Protein chains: 2
Amino acid sequence: MLTFDMTEKQEKILQAALQLFAREGFHATSTSKVAKKAGVSEGLIFRHFGNKEGLLQAILEEGENRLKSLFVDIVMEPNPKEVIRKTIEMTDKIDVSDYDFWKLQFKLKWELEISGDKKMEPLNMALTNAFRKLNYESPELEAQLLILFIDGLGSAVLKGSKLNSDQMIQLLLKKYNI
Amino acid sequence: MLTFDMTEKQEKILQAALQLFAREGFHATSTSKVAKKAGVSEGLIFRHFGNKEGLLQAILEEGENRLKSLFVDIVMEPNPKEVIRKTIEMTDKIDVSDYDFWKLQFKLKWELEISGDKKMEPLNMALTNAFRKLNYESPELEAQLLILFIDGLGSAVLKGSKLNSDQMIQLLLKKYNI
DNA sequence: TAGATATAAGTAAGTACTCACATAAAAATT
DNA sequence: AATTTTTATGTGAGTACTTACTTATATCTA
């Protein structure tokens, strides 16, 4: 990621914080734990990020970008059926090494009350347009419904549910005649 | 609820804890905060519930029962189309005064890693059966998909999303030809 | 040598939890 | 029915420890 002007230790801190926040939770993770895991003095966290909240923000900003880069391929797609297909297959595109990162995003929606509604807006628009082109009766609703689904599927996968996501994706594609 | 052999103060504690855990989170809520809100000495919490975890368990046990009573009407239903309809309309049945309670259930799935998969098993069975009777190709998958939807819908409603759940329910009913 | 990067050793406030003690309710004994 | 004994319910001050955050001091690097 484009975190170029960053010390080695700064990155270590972010990495450790991401893992701990994602696995244990924000409030359950102390700054001293983060420092220990990062192999760094606790004070350094506050030098670089101001406070614990600032540390979280630094992680979340990167999240904004990652989400956008996931969406850009979908939003640019002209073929409406392809928009829907790519959306449905989105969860499959998530790299296992990024699980901590996405888990944190979901977790924070509940632990702190970060909505995530706004972040979905571009996808919502793209889907609404796609459904409109395909002459669906309520394109806006259809878009929200599909977003609801990928949110649920993502959440299930990240929580380690025994649900077979490949089969689920196939089933959905069929339902949308793709 | 059937918490008959309970002191007034005991119920006050549970009530305060439920509200705080649901709105602020488990780790963000201290036992002293709970005691203060309940108008009770902090020690009493530990007298009655052993520790903070025990306090949470007491609240969650009630949850088990509430979930069952939500399901029983669906599970007993013989008409498969009615099973699906009742499932889809489930979120509508949730009383606003119970929002804290359900919010806590969703929140805990992420804050502590409480799966909730098992609790859904009866509903999963009922739906699988219903879809089988209606000759759907993959009844198990269809059941899981519908559960994914209502989970997402409930989560959206509780998080105060601007999504119109009535319209969403209508759309879903139409998709299942009900 | 000046400024950024880092640390170790603090701080005050908060954390979950305990304990000695008081009172109210229930049971047992007279 | 009156009295004692036991138990359940409650308190408030204290425990050891952790928390987020600060500050004085050292060590790099340009």
Side-chain angles (χ1 to χ4, degrees), chain A residues 1-62 104 107-108 110-114, chain B residues 1-62 104 107-108 110-114:
Chain A
M1 252 283 123
L2 12 143
T3 53
F4 36 92
D5 51 350
M6 263 206 183
T7 317
E8 200 180 324
K9 304 214 171 191
Q10 226 164 333
E11 300 217 49
K12 279 267 182 203
I13 291 170
L14 282 175
Q15 201 180 303
L18 170 60
Q19 193 172 123
L20 287 169
F21 287 170
R23 297 184 188 180
E24 324 268 346
F26 178 69
H27 282 111
T29 300
S30 64
T31 48
S32 76
K33 252 195 233 167
V34 174
K36 207 170 179 180
K37 180 159 196 117
V40 145
S41 75
E42 200 181 344
L44 197 56
I45 292 174
F46 296 92
R47 165 130 321 214
H48 284 312
F49 303 101
N51 53 26
K52 199 185 169 186
E53 193 75 34
L55 176 56
L56 179 66
Q57 285 308 322
I59 294 172
L60 285 184
E61 267 167 45
E62 210 196 320
L104 179 62
K107 227 167 185 161
L108 288 178
W110 287 105
E111 190 170 351
L112 322 172
E113 312 242 342
I114 297 172
Chain B
M1 254 284 125
L2 12 141
T3 53
F4 38 91
D5 53 348
M6 263 205 183
T7 316
E8 203 179 321
K9 305 216 169 187
Q10 225 165 334
E11 300 216 48
K12 280 265 181 204
I13 292 171
L14 282 175
Q15 202 180 303
L18 170 59
Q19 195 171 120
L20 288 169
F21 288 169
R23 298 184 187 179
E24 324 268 347
F26 179 70
H27 282 111
T29 301
S30 64
T31 49
S32 76
K33 253 196 232 166
V34 174
K36 207 171 181 180
K37 180 160 196 117
V40 143
S41 74
E42 200 180 347
L44 196 57
I45 291 174
F46 296 93
R47 163 122 296 157
H48 282 313
F49 303 101
N51 53 27
K52 199 186 170 187
E53 195 76 29
L55 176 55
L56 179 66
Q57 284 308 323
I59 294 172
L60 286 184
E61 266 167 45
E62 209 197 323
L104 179 62
K107 225 167 188 163
L108 287 178
W110 286 104
E111 187 168 354
L112 323 173
E113 313 240 344
I114 297 173

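Because the structure is a prediction, the values reported are computed rather than measured. Both backbone and side-chain heavy atoms feed into the values below; hydrogens, waters and symmetry mates do not.
Atom CZ in B:Phe46 sits roughly 13 Å away from atom C1' in D:dT15 (whole-Å rounding). For A:His27 and C:dA16, the NE2 to C1' distance is 16 Å, given to the nearest whole Å. Rounded to whole Å, the distance from CG on A:Leu56 to P on D:dC21 is 12 Å. In this structure, the CG atom of B:Leu44 is 18 Å from the P atom of C:dA22, given to the nearest Å. In this structure, B:Glu8 atom CD and C:dA24 atom C1' are separated by 14 Å, rounded to whole Å. For the pair B:Phe26 CZ and C:dA16 C1', the computed distance is 10 Å after rounding to whole Å. Remark: P of D:dG10 and NZ of B:Lys12 are 13 Å apart, rounded to the nearest angstrom. As rounded to whole Å, 11 Å separates atom C1' of C:dC17 from atom CD1 of B:Ile45.
The only option from B:Lys9, B:Glu11, B:Gln10 that meets the side-chain hydrogen bond (donor to acceptor under 3.5 Å, both in side chains) definition with B:Thr7 turns out to be B:Gln10.
Using a 4.0 Å cut-off between a side-chain N of Lys or Arg and a carboxylate O of Asp or Glu, B:Lys107 and B:Glu24 do not qualify as a salt bridge.
The closest side-chain heavy-atom distance from B:Glu62 to B:Leu18 is not below 4.5 Å.
Within the 4.0 Å cut-off from OP1 or OP2 of D:dG10, at least one side-chain nitrogen or oxygen of B:Thr7 is found. Close to C:dA8, at under 4.0 Å from its OP1 or OP2, lies no side-chain N or O of A:Ser41. Residue A:His48 places at least one side-chain N or O closer than 4.0 Å to OP1 or OP2 of C:dA6. OP1 or OP2 of C:dT15 lies within a sub-4.0 Å distance of a side-chain N or O belonging to B:Ser32. A sub-4.0 Å separation between OP1 or OP2 of C:dT15 and a side-chain N or O of B:Ser30 is present. Taking only side-chain nitrogens and oxygens, B:Lys33 never comes nearer than 4.0 Å to OP1 or OP2 of C:dG14.
B:Gln10 comes within 4.0 angstrom of no nucleic acid atom, judged by non-hydrogen atoms across all strands.
Nearest to the side chain of A:Glu42, among C:dT5, D:dT11, D:dC21, sits D:dC21.
Applying the 6.0 Å contact sphere to NZ of B:Lys12 captures no more than 12 heavy atoms from other residues, nucleotides or ligands.
There is no side-chain donor-acceptor pair under 3.5 Å between A:Glu42 and A:Ser32.
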